[in-house]
Amino acid sequence: MNTLIQPLLAERDKAVNWHPYTHMKTAGDVIPIVKGKGVYLYDDEGKKYIDAVSSWWVTLHGHAHPYISERVFQQLKTLEQVIFAGFTHEPAVQLSENLLKLLPENQKKVFYSDNGSTAVEAALKMCIQYAYNLGKEKTKILAFRNAYHGDTFGAMSVSGRSIWTKPFGSMLFEVVFIDTPNAENLESLKIQIRRIAKEVACFIYEPLVQGAAGMLMYEAEYLDELMKFCRTEEILMIQDEVFTGFGRTGKLFAANHLTEIPDIMCFSKGLTGGTMPMGITTCSQEIFNAFLSDDKYKTLFHGHSFTANPLACTAALASLELLLQEKTLTAVDRISKQHSDFAKIISKHPDIENIRQTGTILAFEYKTGQNTSYFNEIGKVLYDKFLQRGIIMRPLGNVMYLVPPYCIASEELDFIYRNILEVLDTFKNQDHCPTDAAD
Ligand SMILES: *Cc1c(COP(=O)(O)O)cnc(C)c1O
C-alpha cells in the first residue's frame, strides 16, 4: 500500500479507536505492531521490541508460537464454536481434565467464561448463590485493600477503591477490606474477621502477589494462616490466580506455595499462553452440590456466548502441554534465578528501593520522594525511555517490574537488566528531577 496516500496506521487508529487505561487527550501515537515472534514484537518500520511484560502478563511461550498456532488452525478448520449449553466437545473436556489434575485435589468442576473479570464474576456468583441456595443470609464479602480483580462491576466492587473505581463508587456493592497478612497484623485480622464471620459469603484474594496494585507481595506462610482461619469460620475462599497461574510465581500455581486450599479458583491471562481470551472458574464438589437440586431456582444462571470456545480451549491445551515440558519448567527456574541475582545488584542502587520478587515476577521502585501511585509521573518517563531502547516495560507509577515470557533467553534478560541500569544512570547524569520531564 502506498503510505503517501494511505494515512499511517497510528492516525487511522486515532480516528476510530478508544484504548484501554489510556488518557486519550494526552496519549501519544500508538505503535503499530505488525508481527510477533518469540519474545519480540515488530513495528511497521521493522523496529523490534522485547516484550518484558508479556503483553499485559498473558504471553507465556512467546508471540505467534508455531505449535499453538498450528493446533488452533487445525481446530478452526474442524470446529470453531458450538453452544455450550446442551453440547460439549473434546477440547473442553480434555482441558478440564488436564487442568483439574494440576490443581488442589478439592477442585472438581470447571466453569468457562471469557476473561479474568468474568472468571471472578462467576466465582462471586457461585459464593453468593451458594449461601442463598442453602438458605443462609450472608451479605458480606472480604477482600484485600489493594486488590485488583478486574473491571466489570462485581470484579470492581471487590477491588480496592482507587482512581480507577472512583466514578462508580456509589454503584459498587459493599466489601469489607482488610490488609494483607504479616507476622504483626495476623491476630488483629482474625479478630476483625471473627466479628463478622457469620455474615461473610466469601473471601477473595490474589495469592502472594497483588499485580495491578504495583506487584505488592506477601508471604505464603501468613496467607496459609489466614486461609486456615477462614476455613474454621466457614468462610468460602476464592483464590484469584488470573495473574499468578501457569508458572508466574516459580511454581505452576500460587496454590503450590500453600498448604491450605481454596474453595474456588479463577484463571485467565496465561491460560491460553496469551493467545486467545478465556476465563476459567473451578470449584469444589461442595460448591457444585449446592446447585444440584430439584428446585430450578437453584441453577447457576450465568453464561457467555463464547463459553468454552473450542479454539480457546485448544490454545489452552497446547499452551499447557508446552508449559509442562521440562524445557519450560527449567526456563521458569532459570528466570527466577536470574531475577534474584539482578535483585542483589539493583538493591545496591541508591535510587532504587523496595525490591521484591516472586518467581518470574520482579519489581522495584524508583525513589521519587512522592508517594507511590499509578499517577506518579515518573512512570511515563521510564516507559518512553525503555521504548526508545526497544524494551516494552510499563511501570505502574514508580514501580518498575518484569514479567517476561518464559521463552526469553538469558542474554535477552541481561539486555533488559543492563538497560534498566543505564536508564537509571541517565537520570543521574542529567542531574535533574525526572518528574520535570513528565510532560
Ligand atoms: C488481570 C486480572 C484480572 C482481570 O482479568 P481481565 O482478563 O483483564 O478481565 C483479574 N484478577 C487478577 C488478579 C488480574 O491480574
Side-chain angles (χ1 to χ4, degrees), residues 18-22 53-60 111-127 141-162 164-165 168 172 175 177 180 202-218 220 223 237-249 252-255 257-258 262 264-282 302 304-309 312 315-316 319 358-361 363 374 394 396 399 401-403:
W18 190 344
H19 289 265
Y21 279 97
T22 302
V53 295
S54 296
S55 284
W56 249 347
W57 325 344
V58 301
T59 310
L60 295 193
F111 190 91
Y112 286 94
S113 63
D114 300 343
N115 56 63
S117 303
T118 54
V120 167
E121 296 290 337
L124 291 171
K125 283 169 101 170
M126 282 177 190
C127 288
I141 293 177
L142 274 182
F144 284 138
R145 202 150 267 137
N146 289 307
Y148 178 77
H149 296 289
D151 284 351
T152 50
F153 265 81
M156 241 197 316
S157 293
V158 293
S159 296
R161 298 294 178 264
S162 70
W164 299 341
T165 58
F168 317 103
L172 302 179
V175 169
F177 289 106
T180 46
C202 62
F203 166 42
I204 181 166
Y205 53 91
E206 296 161 88
L208 311 187
V209 186
Q210 298 185 289
M215 303 295 161
L216 302 179
M217 299 180 189
Y218 64 102
L223 179 57
M237 289 171 268
I238 302 173
Q239 189 157 303
D240 179 352
E241 295 231 25
V242 167
F243 173 46
T244 53
F246 308 101
R248 284 294 173 209
T249 65
L252 273 186
F253 298 97
H257 296 267
L258 298 162
I264 292 180
M265 299 177 77
C266 302
F267 307 94
S268 188
K269 294 204 164 105
L271 172 59
T272 61
T275 59
M276 308 207 56
M278 184 159 74
I280 278 182
T281 310
T282 62
H302 187 99
H304 299 279
S305 313
F306 285 101
T307 296
N309 172 257
S319 173
T358 304
T360 70
I361 310 163
Y374 187 71
R394 220 172 168 271
L396 294 153
V399 180
Y401 68 87
L402 298 175
V403 181

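In listed order, ligands and their atoms are each counted from 1. Positions are given from 1 along the sequence. The model shown is predicted, which means the values in this text are computed figures rather than measured ones.
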query = Which class fits the ring pair Trp57 and Phe243: parallel under 30°, tilted 30 to 60°, perpendicular over 60°?
reply = tilted

Beyond-backbone contact of [X] with [Y], side-chain heavy atoms, under 4.5 angstrom:
X      : Y      : result
His149 : Cys266 : no
Trp56  : Arg394 : yes
Met215 : Val403 : yes

Sub-3.5 Å N/O-N/O distance, Val242 and ligand 1 = no

task = Indicate yes or no: does an N/O atom of Trp57 lie under 3.5 Å from an N/O atom of ligand 1?
result = no

message = Just to be sure I'm reading this right: ignoring hydrogens, which of Leu271, Thr244, Asp240 gets closest to atom 13 (C) of ligand 1? Compare them by their nearest heavy atoms.
response = Asp240

request  = For atom 10 (C) of ligand 1, state which one of Met278, Lys269, Gln210, His149 supplies the nearest heavy atom.
outcome  = His149

What atoms in ligand 1 come closer than 4.0 Å to a heavy atom of [X]?
X      : answer
Gly150 : 4 (C), 10 (C)
Phe243 : 15 (O)
Ser117 : 4 (C), 5 (O), 6 (P), 9 (O)
Gly116 : 4 (C), 5 (O), 6 (P), 7 (O), 9 (O)

task = Please confirm whether Glu241 comes under 4.0 Å of ligand 1, counting heavy atoms of the residue only.
result = no

ask   = So, does Trp56 sit close enough to ligand 1 that a heavy atom of it is under 4.0 Å from the ligand?
value = no

Do you know which two heavy atoms are closest between [X] and [Y], and how far apart they sit?
X      : Y      : value
Ala255 : Met265 : CB-CE, 4.0 Å
Cys127 : Ile264 : SG-CD1, 3.5 Å
Ala213 : Asn146 : CB-O, 3.1 Å

ask   = Quick check: does any side chain N or O of Gln210 sit under 3.5 Å from a backbone N or O of Leu216, one acting as donor and the other as acceptor?
value = no

Heavy atom of protein inside 4.0 Å of atom 8 (O) of ligand 1, strictly below = no

